[in-house]
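Report on one structure; see the data block that follows.
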Amino acid sequence: MKKSKVLSVATSATLAAAMLLSGCGNSGTPAASTASSSSTASTEASTSTDGSTSTDGSTSTTEDNGLLPALSADEQGKVGALTTPRSNYVQYPYADGEGITLTYWLSTPSNVMNHPDTPDSVQMTEWAQRWQELTGIKVEFIGPATTKSDEVTTAFNLMTTGATLPDIIEWEWTSGYAGGPSQAEADGVLIWLDDLITSDGPAADLWQYLQDNPTLDTAVKTDDGHYYCFPFTRGSKMLTTTSGPVVRKDLIEAAGYKVEDLVTIDDWTEVMTALQKNGVEHPLSFESQSYMLNMMPGAWGFRSGMYVNADDGKVHYGPMEEGYKEMLAQVVAWMKAGLIDPDTAEWTSANTKADMLNGDSAICYGALGSRMGSWNTAAWAEPDTYGADFDLVGAQFPVSKEGQKVQYCGGSPDYAITSKSHAAITADCEHPEVAAAFLNFCYSQAGHYEINLGEEGVAYTGFEETPYGTAAKYTDTIMKADNIAVAMAHYGRANMSGAFVQDPNYILGYYATDEQKAAISLWASNDVSGTVMPPVTMTPDEATEFANLNGNVDTAVQEFRGKVLNGSADLDAEWDAYIEQIKGMGVERMLEIEQAALDRYNAR
């Protein structure tokens, strides 16, 4: 039962403040589900200590205690390169789940809502049905069918203050709940999972995965060392940067340059000037100021919100760095030269799409699916309209000087913060062991590909090697659907978020063009993980204070940036006053709070 009715529930302000923060899969065949029943960990992955056949047909070895041998330090997962789940300790169907129906709260993803069979819930998706079938555990999936963040937050608040909680909740507990998971436990919302995530417990496969990936093990604990969730994790750099600079290769070559010439900021100025002389009206197009902040800051060595500085390992705040001022000065100079549309009111997604398709722009920031993929497809279908040579490709993020590393653009922690997709078992759950076993399936070797890709032979037929890495071979059921992303989301969760290990093989199978695959491989080559804030947790008092301070600071930052870009504020003349303004509003205290949280995280 919940310990109190007055909870430190999520608020839009808390989420907005937290969102300032801006396992390599193997290529083997996924394991088959097991048919035996047991409610405890077993030696399902193999049955002898001298080598035996595991569920995927490979030979594996266990120790005398029935566990897989520990990985060496070299074999363990690293940041941005986690391992693939390799154990099948918990046997399914799960015997103790018979006759029990769990309730599972999560917001319905847009790709699920866009499928005609599942407009309101994930309940009738193939993956939800298969998950229940293979585990032998019945689940009722509930939650809001909306993509609007404020509506999801409202639904979460109403749910957590209701009379009875569902058994399982997917949410972002570090930044989306005031005070983090420790406060959620104190409020009687979630329970600690220390007795469930063990080598012989109902979440033994998650336990093994965390042993194999110690950096993730740190991320899914509280500062006091408690397990609190079944995490959503992007364990490969291939999955952490799927948006970046997208450019018209044909237009750049027509202007006498190559895409590879876009390296430094000076190079960008030179190439864009040539594009403009060659008839491209505004060579660089931004859909919004946020898109500008996603693409440009790395050249000046900062991120747009709270981040970890690569040189001193301390928390910094981008909008008060000298590099932020230099970035704004450069953007203003480009606007004055007409290399960017000088009217920021015209920075819209519709205008960027039109300009990139029509050749009025040649460079933008965009996603590989909804921008590069869809725009290329549209243009290639009408060569008489858009030109036979139309070709959108990925370019590297800009740097300030030759040889500089890309460290501050793109990327995210392996533990996917802000995803609202980490599953906690609630204090009202009457069968926490069964809930743990249900969630554990996704971290087993048998469940990993099933939850990611769907049923083998129906949704995919295995894997293939490509010049860019291993790719899932999706069937025509997926690849010839009217909407590939919607079809994928009906059969597996790989192109969404949730309580599982996202498999990188899916994305090379999903991206249909070499342009997309080359771009994601290019961006994955950058080492940016060390500058992203990890999933730190604030104390309840810290979270409240931070949110209160951030509201005013963020408003002042946006107002100053807007005035500089529209020409109503002089950057050089008003910079010092701006810095003093946000200091007076408490930005230095915000930094102290974030640093304290980071110090606790690093000490875990």
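All values below come from the heavy atoms of this structure, side chains included, with hydrogens, waters and symmetry mates left out.
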### Backbone N/O of K583 and side chain of E588: donor-acceptor pair under 3.5 Å
no

### Task
Could you tell me whether K78 atom NZ has more than 12 heavy atoms of other residues or ligands within 6.0 Å of it?
yes

### Task
Determine, step by step, whether Y449 and F463 satisfy the ring-ring contact (aromatic ring centres under 6.0 Å, His included) criterion, reporting the C-alpha distance in whole Å, the side-chain angles of both residues, the deciding distance to 0.1 Å, and the verdict.
CA-CA 11 Å; Y449 292 110; F463 303 87; 5.0 Å; yes

### Query
Which heavy atom in W375 sits nearest to a heavy atom in C364, and how many Å separate them?
CZ3-SG, 3.9 Å

### Query
Would you call the rings of H422 and F232 parallel, tilted or perpendicular, where under 30° means parallel and over 60° means perpendicular?
tilted

### Interatomic distance, L392 atom CG to R371 atom CZ [nearest 0.5 angstrom]
12.0 Å

### Backbone N/O of Q502 and side chain of R234: donor-acceptor pair under 3.5 Å
no

### Task
Would you kindly say whether W334 and T269 are connected by a side-chain donor-acceptor distance under 3.5 Å?
yes

### Query
Taking all atoms of both residues into account, what is the closest heavy-atom pair of A395 and L262, and its distance?
CB-CD1, 4.4 Å

### Query
Between the main-chain N or O of F546 and the side-chain N or O of N550, is there a donor-acceptor pair closer than 3.5 Å?
no

### Task
Classify the angle between the aromatic ring planes of F156 and W173 as parallel (below 30°), tilted (30 to 60°) or perpendicular (above 60°).
perpendicular

#### Entry: D341 backbone acceptor or donor facing W347 side chain under 3.5 Å
yes

### Query
Just wondering, do Y578 and V564 contact through their side chains at under 4.5 Å, heavy atoms?
no

### Task
Mark yes when over 12 heavy atoms from residues, nucleotides or ligands other than D389 sit less than 6.0 Å from its CG; otherwise mark no.
no

### Task
Report yes if the side chains of Y510 and L368 come closer than 4.5 Å at any heavy-atom pair, otherwise no.
no

### Task
Locate the shortest heavy-atom distance separating V79 from S529; write the atom from each residue and the value.
CG1-OG, 3.4 Å

### W127 side chain vs A489 backbone, donor-acceptor pair below 3.5 Å
yes

### Query
T242 versus Y511: any side-chain heavy-atom pair under 4.5 Å?
yes

### Task
Please test Y317 against E594 for side-chain hydrogen bond (donor to acceptor under 3.5 Å, both in side chains), starting from the C-alpha separation and ending with a verdict.
CA-CA 10 Å; Y317 183 55; E594 284 279 9; over 6 Å; no

#### Entry: Distance (rounded to the nearest 0.5 Å) between E281 CD and S361 OG
7.5 Å

### Message
Looking at every non-hydrogen atom in both residues, tell me the closest pair between N495 and A485 and how far apart they are.
### Response
ND2-O, 2.9 Å

### Message
Quick check on side chain to side chain donor-acceptor pair (under 3.5 Å): which of T531, N294, N309 does R303 satisfy it with?
### Response
T531

### Query
Can you list the steps and then say if S521 with M238 is a side chain to side chain contact (heavy atoms under 4.5 Å, CB included)?
CA-CA 7 Å; S521 298; M238 189 75 77; 4.1 Å; yes

### Query
side chain to side chain contact (heavy atoms under 4.5 Å, CB included) between L453 and Y491: does it pass, once the steps are laid out?
CA-CA 7 Å; L453 307 177; Y491 287 90; over 6 Å; no

### Task
Please examine the side chains of K258 and D261, heavy atoms only from C-beta on, and report whether any two atoms are closer than 4.5 Å.
yes

#### Entry: Point-to-point distance, once rounded to the nearest 0.5 Å, from OH of Y257 to CD1 of I252
11.0 Å

### Query
If you look at every heavy atom in T108 and G143, which pair is closest and at what distance?
OG1-O, 4.3 Å

#### Entry: Exam field: side chain T475 to backbone V458, donor-acceptor pair closer than 3.5 Å
yes

### Message
Do V536 and T174 have side chains that approach each other closer than 4.5 Å (heavy atoms only, starting at C-beta)?
### Response
no

### Query
Are D572 and K325 within salt-bridge range, i.e. N to O under 4.0 Å?
yes

### Message
Please check this pair: side chain of D391 against backbone of K249, looking for a donor-acceptor N/O pair closer than 3.5 Å.
### Response
no

### Task
May I have the step-by-step check of side chain to side chain contact (heavy atoms under 4.5 Å, CB included) for T125 and R493, ending in yes or no?
CA-CA 10 Å; T125 60; R493 301 190 81 181; over 6 Å; no

### Query
With side chains defined as the heavy atoms from C-beta onward, is the minimum distance between N526 and Q396 less than 4.5 Å?
yes

### Task
Determine the minimum heavy-atom distance between S400 and A299, stating which atoms define it.
CB-O, 3.1 Å

### Query
Ion pair present between K148 and D150, side-chain N to carboxylate O less than 4.0 angstrom?
no

#### Entry: Distance in Å, L251 CG paired with N278 CG, rounded so as to fall on 0.5 Å steps
8.0 Å

### Heavy atoms of other groups near K517 NZ, more than 12 under 6.0 Å
yes

### Task
Tell me yes or no: between the side chains of D503 and N505, is some donor less than 3.5 Å from an acceptor?
yes

### Query
Any chance CE of M479 has more than 12 other-residue heavy atoms, nucleotides or ligands included, within less than 6.0 Å?
yes

### Task
For the residue pair L549 and V587, establish whether any side-chain heavy-atom pair is separated by less than 4.5 Å.
no

### Message
Set out, in order, the CA-CA distance, both residues' side-chain angles and the distance that settles ring-ring contact (aromatic ring centres under 6.0 Å, His included) for W171 and Y177, then state yes or no.
### Response
CA-CA 9 Å; W171 193 246; Y177 193 95; 8.8 Å; no

### Query
Can you say whether the rings of H490 and H115 are parallel (under 30°), tilted (30 to 60°) or perpendicular (over 60°)?
parallel

### Message
With rounding to the nearest 0.5 angstrom, report the CG to NZ distance, L328 to K563.
### Response
14.0 Å

### Task
Answer whether the closest heavy-atom distance between the side chains of W380 and T513 falls below 4.5 Å.
yes

### Euclidean distance, T555 OG1 relative to I582 CD1, rounded to 0.5 Å
12.5 Å

### Message
Any donor-acceptor pair under 3.5 Å linking the side-chain atoms of N566 with those of S568?
### Response
yes

### Task
I would like to know whether N376 and F390 meet side chain to side chain contact (heavy atoms under 4.5 Å, CB included); could you show each step before the answer?
CA-CA 8 Å; N376 266 339; F390 186 102; 3.4 Å; yes

